[in-house]
Amino acid sequence: MDDSPQVQEIVVGVDALPESGPALEWGAAEARHRGCLLRLVHAVDLGTATLSRRASAGATGLIEQSGRDLLAEAAAQVAARHPDLEIAAAVSTDEPAAALLDATGPYSLLVIGSRGRGGFSSLLLGSVSRRVAAHTECPVVVVHAPPAPAQGLSVLVGVLGEQDVPVVRFACATAALRGAPVRALHTWSAVADAGHMVPLVDSLDEEEREHTALLSRTVEAGRGDFPRSQVVLDVVGGPAAAALVEASAHASLLVVGAPRRGRMGRLGMHLGSVVHAVLHHAHCPVAVVPVG
């Protein structure tokens, strides 16, 4: 599979309204930018419908109809703001994370809110990191309550190493749609294991040059299809999570990579600490791109 396939549809996990509003609007705007289908997905909780065999059929029907009504309202809201957008909607009776995973593929971009209620109540950030972002084949965008206007803001991408070429490529593609610059940020620390400082100034200077060269190589490899992209390279000292969170205050989107480690018990994996931290604390929407 191509490590950075072209996005052909935007899938938005719709919970309750208006809670899903920011994610819904971000996903609709992204579908308009990319000229692709917007697919709305809602998972219904049928747990209470199984308490009584006699009541289950009727209760199931009511719950599923409630989900369809919710999606119809969400689609109407989107259509009012984006009348030319192609919209599809589907209600799933699977549990929320599985519903989203089943609705997406390698050519999707999944958009979800940072807090859930109702059909996606389990999709609080900790669960997103374990159940969705760690397992999906496609990038996942987590949208916090209404993001700041993106006009004039850069797309920020966190670069750990050369494995992040697909992450840079996604950031450049997204920025190109908006005519926005890209800021590629790489961090390093002079503190070695066990808290010991690297002893020589010359060694520090050489290490910083190596990190700068690493960032440059990775960006050049990732921007191949977008040679005219304006990319600013930024190498800073200190913890990666703190630097990315701070820089996200001046970005329209923060893009980070997460290792693709296989499905090993589809519901039981965690993302790295940096990704988990930015999902919680970033000032703008966060895109998690699977790598490896």
Side-chain angles (χ1 to χ4, degrees), residues 1-15 20-43 71 74-75 78 81-82 84-90 92 96-114 120 123 125 128-129 131-144 147 150 155-158 164-178 180 182 222 225-226 251-258 260 271 275 278-279 282 284-292:
M1 183 183 70
D2 185 347
D3 61 2
S4 183
Q6 183 177 359
V7 172
Q8 296 180 358
E9 67 172 5
I10 307 297
V11 178
V12 180
V14 179
D15 189 18
S20 294
L24 189 61
E25 175 55 27
W26 197 96
E30 190 68 14
R32 179 173 54 80
H33 279 305
R34 294 179 183 270
C36 66
L37 173 72
L38 176 68
R39 186 181 305 279
L40 310 182
V41 178
H42 177 74
L71 288 183
V78 170
R81 294 176 61 89
H82 308 279
D84 297 329
L85 201 58
E86 182 182 2
I87 305 170
S92 172
L100 292 177
L101 290 170
D102 290 341
T104 56
Y107 299 96
S108 305
L109 173 62
L110 174 60
V111 183
I112 191 168
S114 62
F120 285 100
L123 292 181
L125 282 178
V128 166
S129 63
R131 295 182 155 199
V132 180
H135 299 289
T136 185
E137 298 179 81
C138 68
V140 178
V141 177
V142 178
V143 181
H144 301 271
V155 172
L156 173 67
V157 56
D164 288 326
V165 167
V167 184
V168 174
R169 186 175 297 126
F170 178 87
C172 288
T174 303
L177 293 170
R178 296 161 169 75
V182 174
D225 293 333
F226 307 94
S252 62
L253 179 70
L254 167 57
V255 185
V256 292
R260 187 188 283 118
L271 297 177
V275 177
V278 299
L279 283 173
C284 65
V286 178
V288 181
V289 178
V291 297

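Everything quoted here is computed from the prediction, not taken from an experiment. All values below were derived from every heavy atom in this structure, side-chain atoms included, with hydrogens, water molecules and symmetry-related copies excluded. Here, residue 1 is the first one in the sequence, and each next residue gets the next number.
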List in chain and number order the residues that pass side-chain contact (heavy atoms from CB on, under 4.5 Å) with [X], two or more places apart in sequence or in another chain; answer none if no residue qualifies.
X	value
His82	Glu25, Ala28, Arg32, Val78, Leu85
Ala173	Phe226
Ala90	none

Can you tell me how far [atom2] of [Y] sits from [atom1] of [X], rounded to the nearest 0.5 angstrom?
X	Y	atom1	atom2	answer
Ser252	Leu156	OG	CG	9.0 Å
Leu37	Ile87	CG	CD1	9.0 Å
Asp102	Ser92	CG	OG	7.0 Å

A side-chain contact here means heavy atoms from C-beta on lying under 4.5 Å apart; do [X] and [Y] qualify?
X	Y	value
Val275	Val288	yes
Leu100	Ile112	yes
Leu40	Leu24	yes
Tyr107	Val7	no
Ser108	Ile10	no
Val12	Val41	no
Trp26	Leu253	yes
Val256	Val286	yes

Could you tell me which non-hydrogen atom of [X] sits nearest to which non-hydrogen atom of [Y], and how far apart they are?
X	Y	result
Gly257	Val291	CA-CG1, 4.4 Å
Ala175	Val182	CB-CG2, 3.5 Å
Pro166	Val289	O-CG1, 4.3 Å
Pro96	Ala43	CA-CB, 3.8 Å
His144	Pro22	O-CB, 3.7 Å
Val11	Ala103	CG2-O, 3.9 Å

| Less than 4.0 Å between a side-chain N and a carboxylate O, is that true for Arg178 and Glu30? |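 Judged by the 4.0 Å cut-off on N to carboxylate O distance, Glu30 and Arg178 do form a salt bridge.
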| Any chance the side chains of Arg169 and Thr174 put a donor and an acceptor closer than 3.5 Å? | no
| Is the CD atom of Gln8 crowded by more than 12 outside heavy atoms at less than 6.0 Å? |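 Buried by this count: over 12 neighbours within 6.0 Å.
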| query | Under the side chain to side chain contact (heavy atoms under 4.5 Å, CB included) criterion, do Arg34 and Leu177 qualify, and how do the steps go? | reply | CA-CA 7 Å; Arg34 294 179 183 270; Leu177 293 170; 3.4 Å; yes
| field | Val155 and Val157: CA distance, side-chain angles, deciding distance, side chain to side chain contact (heavy atoms under 4.5 Å, CB included) verdict | value | CA-CA 7 Å; Val155 172; Val157 56; 5.6 Å; no
| message | Treating His42 as the side-chain partner and Leu71 as the backbone partner, does any N or O pair qualify as donor plus acceptor under 3.5 Å? | response | no
| said: With a 3.5 Å distance limit and no angle check, can you tell me whether Thr136 reaches the backbone of Cys138 through a side-chain donor-acceptor pair? | reply: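 Present.
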